[in-house]
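Everything on this sheet refers to the single structure shown next.
Both ligands and their constituent atoms are indexed starting at 1 by order of listing.
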Amino acid sequence: MNVRLQALNTLLQVVQHNHSLDAALDKALKGQQVKKGAYDGAHSGLLKELCYGVLRWWPRLEAIEKRLLDKPLAAKHQDLRLLIWLGIYQLEYLRIADHAAISETVACAQAIKKQWAKGLINAILRRFQREREQILASLNTDLIATTAHPAGLLTQFQQAWPNNWQEIVVANNARAPMSLRVNQRLLTRDEYLSRLQQAGIAAVAVAHVEPAISLDDPCAVETLPGFAEGMVSVQDAAAQLAANLLAPQPGECIVDACAAPGGKTCHLLEHEPGIDLIAIDNKARRLQRLEENLQRLGFSCQQIVADASDTASWWDGRPVDRILLDAPCSGSGVIRRHPDIKWLRQSVDLRELIATQGQLLRALWQTLKPGGVLLYATCSILAEENQGQIARFLGETADAEEIPIKAAWGCPMQHGRTILPGEKGMDGFYYARLRKV
Ligand SMILES: C[S@@+](CC[C@H](N)C(=O)[O-])C[C@H]1O[C@@H](n2cnc3c(N)ncnc32)[C@H](O)[C@@H]1O
């Protein structure tokens with residue numbers, strides 16, 4: 001299949017059906033495996049590049065489209081709008097010969113049975129070629145186009161971070177590095193760095209995050225030395241702070257309340273294998289991925305498919321020592337890694353998410369023993385999901401107190417600490433630590 005047509009179909013899954021880009025690409029690439037040998041690595045690489053690129057830049061691509069069309073396309077032609085965005089993205093951001101980018105993109109109109117639009121798309125892309133400089137200059141005063149952020153999200157960042165929103169949007173548009181977590185049960189970070197060097201993979205240690213390594217260039221996990229043997233896992237450095245902050249001790253009962261796909265679950269076990277760990281998630285399919293990750297690392301733990309806030313469905317009544325609540329959130333800190341959030345967040349009700357986070361916090365607190373610790377984490381940088389949530393909880397919970405986090409990373413908030421995206425190469429993240437008195 002024409003890779004641009006496959007990109008269009010993948011993007012439609014996100015734009016029309018609200019699927020995540022990861023899920024849509026997984027489906028596209030699995031289809032590819034079925035037709036074994038039909039596509040090569042270059043095809044998959046270009047497919048990902050086109051999908052990630054269009055979703056990363058769509059507010060800017062849309063602004064260009066508006067300047068190229070005399071009359072906007074009807075909503076029912078979202079597929080054609082995506083084709084135009086795909087075409088502009090190739091012309092503007094990729095080193096593909098213009099004639100190939102245009103002719104292959106135009107050809108997709110026929111494949112989606114909109115042959116009548118071939119001339120239109122061809123004319124628009126050729127006009128962009130001719131008038132590129134004036135069009136791009138006209139974008140300079142358009143904040144949506146220059147930041148490539150949709151209006152709602154941009155306003156949220158401006159309000160939450162009046163002094164930092166510019167660096168945040170720049171970081172959101174950059175490509176996230178590939179970060180690794182070294183399994184320190186098996187070898188030290190320095191030892192693994194030597195292995196990478198021997199394999200010709202350039203990498204550096206991440207300052208202040210003990211097991212973390214950042215690769216200069218992403219690579220396929222199978223090419224990482226010792227990956228199959230569990231020496232290393234792929235995980236952003238900010239997420240690797242959780243295990244140390246929770247600091248599980250041998251023999252303790254730990255609840256990982258929103259655990260799948262298990263990045264932090266596995267790290268907790270690497271950190272302290274002698275814990276009694278209960279991993280809960282309300283999505284069975286995501287827990288399957290957790291099981292695969294555990295198996296690769298040679299760990300096991302109790303896994304429960306449940307709504308963690310419905311404690312009656314999973315808790316046996318024995319108070320637990322520590323809880324990790326890696327809450328479902330807007331993902332506003334990980335846009336550089338998941339640019340589809342720019343599109344998908346438009347239809348997400350933040351109030352609903354905040355209510356869910358509050359429910360989880362209040363319900364899980366009941367299962368914690370006096371003296372026990374709860375680590376609240378999100379990959380959001382919005383106050384309402386973070387310090388606002390914790391302030392409300394502390395205000396209404398007499399037996400809760402904050403354990404301040406003193407660290408060389410992030411910025412201190414009214415409660416907890418926030419890492420802004422890009423800080424020391426990390427994703428945007430938030431942590432707050434609470435103790436039951
Ligand atoms: C931020 S992700 C967790 C990432 C995971 N901790 C890791 O490090 O790989 C949030 C998870 O919460 C789960 N979730 C959402 N609402 C939940 C609920 N009410 N009870 C349990 N899990 C829930 C989602 O399915 C999702 O897997």
Side-chain angles (χ1 to χ4, degrees), residues 19-20 22-23 179-181 209 211-212 233-246 248 254-271 277-297 299 301-315 320 322-335 337-338 340-341 344-345 348-350 352-367 374-382 385-386 389 419 426-432:
H19 292 173
S20 73
D22 279 353
S179 304
L180 306 178
R181 183 188 77 237
V209 189
S233 302
V234 176
Q235 188 179 39
D236 184 76
Q240 297 183 39
L241 295 164
N244 251 328
L245 289 171
L246 190 65
I254 313 289
V255 167
D256 185 356
C258 292
K264 298 184 192 69
T265 317
C266 293
H267 191 193
L268 288 171
L269 287 161
E270 282 171 12
H271 190 89
L277 182 59
I278 305 169
I280 304 169
D281 203 281
N282 64 355
K283 297 196 186 63
R285 282 185 64 182
R286 283 174 66 87
L287 270 180
Q288 270 169 24
R289 287 182 51 210
L290 179 141
E291 176 57 28
E292 286 160 20
N293 285 326
L294 285 171
Q295 277 184 16
R296 184 178 58 83
L297 293 161
F299 291 123
C301 74
Q302 194 182 343
Q303 295 163 42
I304 305 175
V305 182
D307 172 352
S309 66
D310 177 15
T311 51
S313 70
W314 61 267
W315 187 44
V320 306
R322 291 171 206 257
I323 297 171
L324 171 60
L325 170 51
D326 191 12
C329 71
S330 64
S332 59
V334 291
I335 289 173
R337 207 172 281 288
H338 301 287
D340 47 333
I341 291 173
L344 297 171
R345 270 279 284 112
V348 166
D349 187 346
L350 197 56
E352 223 171 85
L353 267 177
I354 292 167
T356 304
Q357 292 157 356
Q359 254 167 23
L360 282 161
L361 199 45
R362 286 190 294 276
L364 287 161
W365 194 254
Q366 304 314 313
T367 69
L374 182 147
L375 181 67
Y376 178 82
T378 71
C379 55
S380 170
I381 55 168
L382 299 176
E385 299 181 85
N386 296 342
Q389 194 70 262
I419 299 163
M426 294 191 273
D427 281 347
F429 236 84
Y430 173 80
Y431 286 109

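The protein non-hydrogen atom at the shortest distance from atom 7 (C) of ligand 1 is Gly263 N, 3.6 Å. Nearest to atom 11 (C) of ligand 1 among the protein's heavy atoms is Asp281 OD2, 3.5 Å.
More than 12 heavy atoms of other shown residues, nucleotides or ligands fall within 6.0 angstrom of atom CZ in Arg345.
With distances taken over non-hydrogen atoms, the option nearest atom 1 (C) of ligand 1 out of Asp310, Leu364, Asp326, Leu324 is Asp326. Nearest-heavy-atom check against atom 16 (N) of ligand 1 across Asp256, Asn282, Leu325, Leu287 picks out Asn282.
Within the 4.5 Å cutoff, no side-chain heavy atoms of Pro248 are placed close to those of Leu324.
Checking only distances, Cys258 does come within under 3.5 Å of ligand 1, N or O to N or O. No N or O atom of Gln235 sits closer than 3.5 Å to an N or O atom of ligand 1. At under 3.5 Å, not a single nitrogen or oxygen of Leu360, backbone or side chain, sits near a nitrogen or oxygen of ligand 1. Considering backbone and side-chain N/O of Ile280, none are found under 3.5 Å from N/O of ligand 1.
Put simply, the residue from Val320, Leu325, Ile304 that forms a side chain to side chain contact (heavy atoms under 4.5 Å, CB included) with Val255 is Val320.
Here OG1 of Thr265 is found 12.0 Å from CD1 of Ile254. Values are rounded to the nearest 0.5 Å. Note: Gln357 CD to Arg362 CZ = 11.0 Å, rounded to the nearest 0.5 Å.
Close approach to Asp307 involves these atoms of ligand 1, each under 4.0 Å from a residue heavy atom: 18 (C), 19 (N), 20 (N). Residue-ligand proximity, Pro328 to ligand 1, at heavy-atom distances under 4.0 Å covers atoms 15 (C), 16 (N). The Ala308 neighbourhood of ligand 1 comprises atoms 18 (C), 20 (N), 21 (C), with distances under 4.0 Å to a heavy atom of that residue. Near Ala257, the atoms of ligand 1 lying under 4.0 angstrom from a non-hydrogen atom of the residue are 21 (C), 22 (N).
Considering all non-hydrogen atoms of both residues, Arg286 and Ala260 come closest at NH2-O, 3.2 Å.
Counting only distance, with no hydrogens or angles, the side chain of Tyr431 and the backbone of Ala238 share a donor-acceptor pair below 3.5 Å. Judged by distance alone, with hydrogens and angles left aside, the side-chain atoms of Asp427 form no donor-acceptor pair with the main-chain N or O of Asp236 at under 3.5 Å. Side chain of Thr378 to main chain of Ala327: no donor-acceptor pair is present (N/O by atom type, distance under 3.5 Å, no hydrogens or angles).
Within the structure, the closest approach of Cys379 to ligand 1 does not fall below 4.0 Å when heavy atoms are considered. Heavy atoms of Ala306 come nearer than 4.0 angstrom to ligand 1 in at least one pair. The shortest heavy-atom distance from Ala239 to ligand 1 is not under 4.0 Å.
For the 3.5 Å distance criterion, the side chains of Thr311 and Gln366 fail to qualify, holding no donor opposite an acceptor. A donor-acceptor contact under 3.5 angstrom links the side chains of Glu291 and Gln295, judged on distance only.
When heavy-atom distances to ligand 1 are checked against a 4.0 Å cut-off, Arg286 comes that close only through its side chain, counted from C-beta outward. Contacts between Ser309 and ligand 1, counted as non-hydrogen atom pairs separated by less than 4.0 Å, are absent for every part of the residue. Of the heavy atoms in Cys329, none comes closer than 4.0 Å to ligand 1.
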